[in-house]
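Working notes, beginning with the structure itself.
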2 protein chains.
Amino acid sequence: MPEKDGRFEAIIEKIRAKNFKLTPQRMAIARVLSDGGRHPTVEEIHEELRDRFPTMSLATVYRNVLLMKSLGEVMEIGFADGSNRYDGMRPHPHPHAICIACREILDPELSGLEDMSEEVARETGFEIVSHRVDFFGICPKCRAKK
Amino acid sequence: MPEKDGRFEAIIEKIRAKNFKLTPQRMAIARVLSDGGRHPTVEEIHEELRDRFPTMSLATVYRNVLLMKSLGEVMEIGFADGSNRYDGMRPHPHPHAICIACREILDPELSGLEDMSEEVARETGFEIVSHRVDFFGICPKCRAKK
DNA sequence: CTGCTAATTGATAATCGTTATCAATAACGG
DNA sequence: CCGTTATTGATAACGATTATCAATTAGCAG
Ligand SMILES: [Mn+2]
Ligand SMILES: [Mn+2]
Ligand SMILES: [Zn+2]
Ligand SMILES: [Zn+2]
């Protein structure tokens, strides 16, 4: 499981610092979430850990994702259809490219977001504190299938 | 109720063209949705029409918002917390500025979105077909209250 | 290593926004 | 005005998430 940047260690350290207990389930969930490039759902995390933790409840996954979110170590990407996905690799707001066919989610490096944020502030008088930027389309793999 | 651009007429015409019936409830809902600048929830629409239609069911509002959405005449802005808001003034994807204090939603005119879309396409290989761009912050009114 | 205590877990019930169901009503073409 | 059929209002069902609670276990003191 190739987590980069020591994200797993950062999450565990935050949990320890706040005096939460380090259960095997909790660590396994943190490991899946810190796996770069993926944006799994709670169901997918639960499914993925089924082999190692056959009795782990879905509620435990929900609870721990919620905990890590509240610690600022996991970012939630919620959609209108109710499906939520999680990114423990980059826990701060960043743009996404989302395939509407296979639901793959990428983290594109994007310039100009800061400028756009300032433009919104200038025009509306808002003090901008966060953003949510998604681009929907068809990924190369799905395009080839047509 | 100051709808601009004849949005109300456009919605009604689309409904007529598809041979759906023009009920008083349906027309009233269309009128609220075509009211520019607002982004009401289903509950707010229901509440707003309570005086004129005391017996109108919440389900009727849901149904008609869904209908107009499927006709491409109303855009849904869904949030992770489950709250959905609707824009019948601009039924195509466009950026929003959202106050995290009072939940007011504005439609800022924003340049550079098209360029950003192309940048994502170039970097990811995706064929971009849509987007969702929200900027969250504190509006001038709420800022003054501090 | 052992035992204590509070946090966590697993199982399940409750919640809440939305959608489906269905009998009664009403739009609209003839 | 009539008949057909969509629509409405009332309410049940739904599904993802959250709350509840007894049983378990991590972390720690002895
Ligand atoms: Mn991401
Ligand atoms: Mn809008
Ligand atoms: Zn794809
Ligand atoms: Zn405000």
Side-chain angles (χ1 to χ4, degrees), chain A residues 11-33 39-71 74-86 103, chain B residues 11-33 39-71 74-86 103:
Chain A
I11 297 173
I12 295 303
E13 190 43 48
K14 181 74 73 80
I15 288 170
R16 202 195 308 273
K18 299 277 183 179
N19 281 10
F20 293 109
K21 294 182 176 172
L22 284 171
T23 65
Q25 296 93 329
R26 182 163 285 169
M27 286 191 283
I29 292 165
R31 183 151 262 134
V32 173
L33 284 166
H39 297 82
T41 64
V42 163
E43 290 280 0
E44 284 166 359
I45 297 169
H46 186 244
E47 179 62 27
E48 184 161 335
L49 297 175
R50 181 184 299 287
D51 292 339
R52 278 204 291 148
F53 301 89
T55 68
M56 186 169 63
S57 168
L58 191 55
T60 293
V61 183
Y62 272 108
R63 270 187 300 243
N64 281 288
V65 167
L66 194 69
L67 173 70
M68 297 172 203
K69 191 173 65 157
S70 77
L71 295 177
V74 165
M75 195 190 60
E76 183 180 69
I77 315 169
F79 295 95
D81 67 3
S83 68
N84 287 3
R85 292 177 168 271
Y86 297 91
R103 286 267 131 190
Chain B
I11 297 173
I12 296 303
E13 189 44 48
K14 182 72 72 80
I15 289 170
R16 202 195 308 274
K18 299 277 184 179
N19 281 14
F20 293 109
K21 292 180 178 176
L22 285 170
T23 65
Q25 297 95 327
R26 182 163 285 169
M27 286 191 283
I29 293 165
R31 203 174 279 286
V32 174
L33 284 168
H39 297 83
T41 64
V42 163
E43 290 279 0
E44 285 167 358
I45 297 169
H46 186 242
E47 179 63 28
E48 185 162 333
L49 297 175
R50 181 185 299 288
D51 292 339
R52 281 203 291 147
F53 301 89
T55 68
M56 184 167 66
S57 168
L58 191 55
T60 293
V61 183
Y62 273 107
R63 270 189 298 245
N64 280 289
V65 167
L66 194 69
L67 173 70
M68 296 171 205
K69 192 174 62 155
S70 76
L71 295 177
V74 165
M75 195 190 60
E76 183 180 69
I77 315 169
F79 295 95
D81 68 3
S83 68
N84 287 2
R85 294 179 167 269
Y86 297 91
R103 287 267 130 190

query: Residues from residues 57-64 of chain A sitting under 4.0 Å of DNA chain D, heavy atoms only?
result: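 Listed by number, they are A59(A), Y62(A), R63(A).
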What residues, two or more places apart in sequence or in another chain, satisfy side-chain hydrogen bond (donor to acceptor under 3.5 Å, both in side chains) together with [X]?
| X | result |
| --- | --- |
| S83(B) | D81(B) |
| D51(B) | none |
| R50(A) | E47(A) |
| T60(A) | R63(A) |

task: Just call it for N84(B): base, sugar-phosphate, or nothing, with non-hydrogen atoms closer than 4.0 Å on any strand.
output: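 It contacts sugar-phosphate atoms only.
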- prompt: Taking for each residue the nucleotide of DNA chain D bearing the nearest heavy atom, is the 5' side occupied by N19(B) or by F53(B)?
  reply: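 Here N19(B) is the residue nearer the 5' end.
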Over all atoms of both residues, closest heavy-atom pair of [X] and [Y]:
| X | Y | answer |
| --- | --- | --- |
| N84(A) | G78(A) | OD1-CA, 3.3 Å |
| L22(A) | M27(A) | O-CE, 3.9 Å |
| S57(B) | H46(B) | C-NE2, 3.8 Å |

message: Rounded to whole Å, please give me the gap between NZ in K18(A) and C1' in dA7(C).
response: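 It is 17 Å, rounded to the nearest whole Å.
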field: Nearest-angstrom distance from the residue atom OH of Y86(B) to P of dG17(C)
entry: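 Rounded to whole Å, this separation is 13 Å.
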message: Can you pull out every salt bridge (Lys or Arg N to Asp or Glu O under 4.0 Å) where at least one residue sits in residues 16-27 of chain B? Sequence neighbours excluded, please.
response: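 Every salt bridge (Lys or Arg N to Asp or Glu O under 4.0 Å) pair that includes a residue of residues 16-27 of chain B, provided the two are not neighbours, is E13(B)-R16(B).
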Bending between helix ends of the helix from dC1(C)-dG30(D) to dG30(C)-dC1(D) [5 pairs per end, 10° resolution]: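 Terminal axis comparison yields 40°.
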field: Non-neighbouring partners of V65(A) that pass side-chain contact (heavy atoms from CB on, under 4.5 Å), sequence neighbours left out
entry: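 Scan of V65(A) (side-chain contact (heavy atoms from CB on, under 4.5 Å), adjacent residues dropped) gives I29(A), L33(A), V42(A), I45(A), V61(A), Y86(A).
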field: Chi angles and distances behind the side-chain contact (heavy atoms from CB on, under 4.5 Å) call for L58(A), E43(A)
entry: CA-CA 7 Å; L58(A) 191 55; E43(A) 290 280 0; 3.7 Å; yes
- prompt: CZ of R52(A) to CZ of R31(A): how many Å apart, nearest 0.5 Å?
  reply: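 One gets 7.5 Å once the value is rounded to the nearest 0.5 Å.
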Which atom pairs link the protein and nucleotides 27-30 of chain C when you take only N or O atoms and keep those under 3.5 Å?
residue, atom, partner, partner atom, Å
dA27(C), N3, K21(B), NZ, 3.0
dC28(C), OP1, L22(B), N, 2.9

field: First-last contacting nucleotides on DNA chain D - partner chain B, under 4.0 angstrom, heavy atom
entry: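 First and last nucleotides in contact are dT5(D) to dT11(D).
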message: Please check this pair: side chain of K69(B) against backbone of E76(B), looking for a donor-acceptor N/O pair closer than 3.5 Å.
response: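 Not at all, since once roles are kept as given, no pair shorter than 3.5 Å links the two residues.
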message: Test of understanding: with ring pair (Phe, Tyr, Trp, His ring centres under 6.0 Å), list the residues that count as partners of H39(B), not counting sequence neighbours.
response: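 So H39(B) forms a ring pair (Phe, Tyr, Trp, His ring centres under 6.0 Å) with H96(B).
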